[in-house]
Amino acid sequence: MANSFYDQIYEAVRRIPPGNVASYGQIARLLGKPRAARSVGWALHNLPEGSDVPWHRVINAQGIISLDAHGFGGAVQRTMLEDEGIVFDQYGRVDMELYGWPGLDLAERDQILNLPRSA
DNA sequence: ATAATGACTGGGG
DNA sequence: ACCCCAGCCATTA
C-alpha cells in the first residue's frame, strides 16, 4: 500500500549508499519508531521482486545477516554486500562501526583500519 | 476489535 | 562470546 509505514521504510533503505549497511532498529529509529525493528524486518521480507530497494544493505544490529524461516537468501545477500566492498569476518559478521550508515568518510575508515589492535 | 506473525533488540545467565 | 527470554510494533487474517 502506498504511503504506509512500509513505504517510509523503503524510502529510508533506498538512502543507504552502496558499501554501507544499516540495522533494522536503525531504520526504525530514523522513522521515529525506535521499537519497530521487527516491523522493518517484516517490511523487507514482503518486499516485491524487481524493487529498487537495496534490502541487502539492512542486517541486524549485531552485524549479522538475518535469515527468514526459509533459510535461503543469506548467501546471496552476503555476496551482494561483498560486491560493494564490505568484508565479513570469519564468523560471517560485519563491523558496524566501519560500514554502518551514514558511514565514515574514507579518511576516517582508513584511520580505523590502521588503528593498532590493542595498545 | 482480537490474535497471530516475524529478515529485531537488549539484557541476563 | 554464546544461548535464551520477554518486550515491541505495524500489518494481516
Side-chain angles (χ1 to χ4, degrees):
Chain A
M1 306 183 252
N3 301 324
S4 65
F5 180 58
Y6 282 15
D7 290 303
Q8 293 180 48
I9 291 173
Y10 299 148
E11 283 191 36
V13 173
R14 267 190 276 261
R15 288 168 40 191
I16 305 174
N20 273 200
V21 295
S23 73
Y24 301 93
Q26 183 179 358
I27 297 301
R29 244 169 338 207
L30 279 176
L31 302 178
K33 310 278 184 181
R35 308 301 176 199
R38 306 191 70 154
S39 298
V40 173
W42 184 290
L44 295 182
H45 167 260
N46 290 318
L47 202 56
E49 282 185 51
S51 169
D52 60 330
V53 177
W55 55 273
H56 60 284
R57 297 187 191 132
V58 184
I59 59 182
N60 66 35
Q62 302 181 18
I64 302 175
I65 294 176
S66 293
L67 300 175
D68 56 13
H70 197 215
F72 290 86
V76 176
Q77 182 170 4
R78 172 169 176 160
T79 298
M80 293 176 83
L81 291 175
E82 291 180 322
D83 283 345
E84 297 185 349
I86 292 178
V87 178
F88 289 74
D89 64 18
Q90 64 175 310
Y91 301 107
R93 283 198 308 220
V94 172
D95 185 335
M96 294 303 274
E97 294 292 320
L98 194 58
Y99 301 105
W101 186 43
L104 311 163
D105 55 47
L106 297 183
E108 287 180 298
R109 180 176 293 183
D110 190 57
Q111 185 178 336
I112 288 182
L113 288 174
N114 289 322
L115 282 178
R117 291 277 163 198
S118 52

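In what follows, chains are A, B, ... by sequence order, proteins preceding strands, each numbered from 1. Hydrogens, waters and symmetry mates play no part in the numbers below; they use all other heavy atoms, side chains included.
Here B:dT9 presents its C1' atom at 8 Å from CD of A:Gln62, a figure rounded to the nearest Å. Atom-to-atom, CD1 of A:Ile9 to C1' of C:dC8 comes out at 14 Å; the value is rounded to the nearest Å. Between the CG atom of A:Asn60 and the P atom of C:dC8 there is a distance of 20 Å, rounded to whole Å. When rounded to the nearest whole Å, the span between CG of A:Leu81 and P of B:dA7 equals 18 Å. Rounded to whole Å, atom P of B:dG10 lies 14 Å from atom OH of A:Tyr24. We find that CH2 of A:Trp55 is positioned 13 Å from P of B:dA7, with the value rounded to whole Å. Atom CD1 in A:Ile27 sits roughly 14 Å away from atom P in B:dC8 (whole-Å rounding). We find that CG of A:Asn46 is positioned 9 Å from C1' of C:dT11, with the value rounded to whole Å.
You'll find that the side chain of A:Gln77 is closest to B:dA7, out of C:dT11, C:dC9, B:dA7. Across C:dA10, B:dA7, C:dC2, the shortest atom-to-atom separation from the side chain of A:Arg93 is found for C:dC2.
A:Phe88 contributes atom CZ, which lies 4.0 Å from atom CD1 of A:Ile65 (distance to the nearest 0.5 angstrom).
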Practice problem: Evaluate the criterion salt bridge (charged side-chain N to carboxylate O under 4.0 Å, His left out) for residue pair A:Glu82 and A:Arg78; output intermediate values, then yes/no. | Solution: CA-CA 6 Å; A:Glu82 291 180 322; A:Arg78 172 169 176 160; 3.1 Å; yes

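If you check every strand for non-hydrogen atoms under 4.0 Å, A:Arg29 touches nothing. Backbone-only engagement by A:Phe5 is indicated by non-hydrogen atom pairs under 4.0 Å involving sugar-phosphate atoms exclusively.
Counting only distance, with no hydrogens or angles, the side chain of A:Tyr10 and the backbone of A:Ala43 share a donor-acceptor pair below 3.5 Å. Between the A:Gln26 side chain and the A:Trp101 main chain, a donor and an acceptor come within less than 3.5 Å of each other.
For the OP1/OP2 pair of C:dC8 and a distance below 4.0 Å, the side-chain nitrogens and oxygens of A:Lys33 include no atom meeting the criterion. Within the structure, a side-chain polar atom (N or O) of A:Ser23 is placed less than 4.0 Å from OP1 or OP2 of B:dT9. The side chain of A:Arg78 contributes no N or O atom lying less than 4.0 Å from OP1 or OP2 of B:dA7.
A residue-by-residue look at A:Arg35 and A:Trp42 shows that A:Arg35 has its nearest nucleotide of DNA chain C further toward the 5' end.
At a threshold of 4.5 Å between non-hydrogen side-chain atoms, the residues A:Trp42 and A:Ile9 do not count as touching.
For C:dG7, the base has a donor-acceptor partner in the side chain of A:Arg38 [N/O atoms by modelled type, under 3.5 angstrom].
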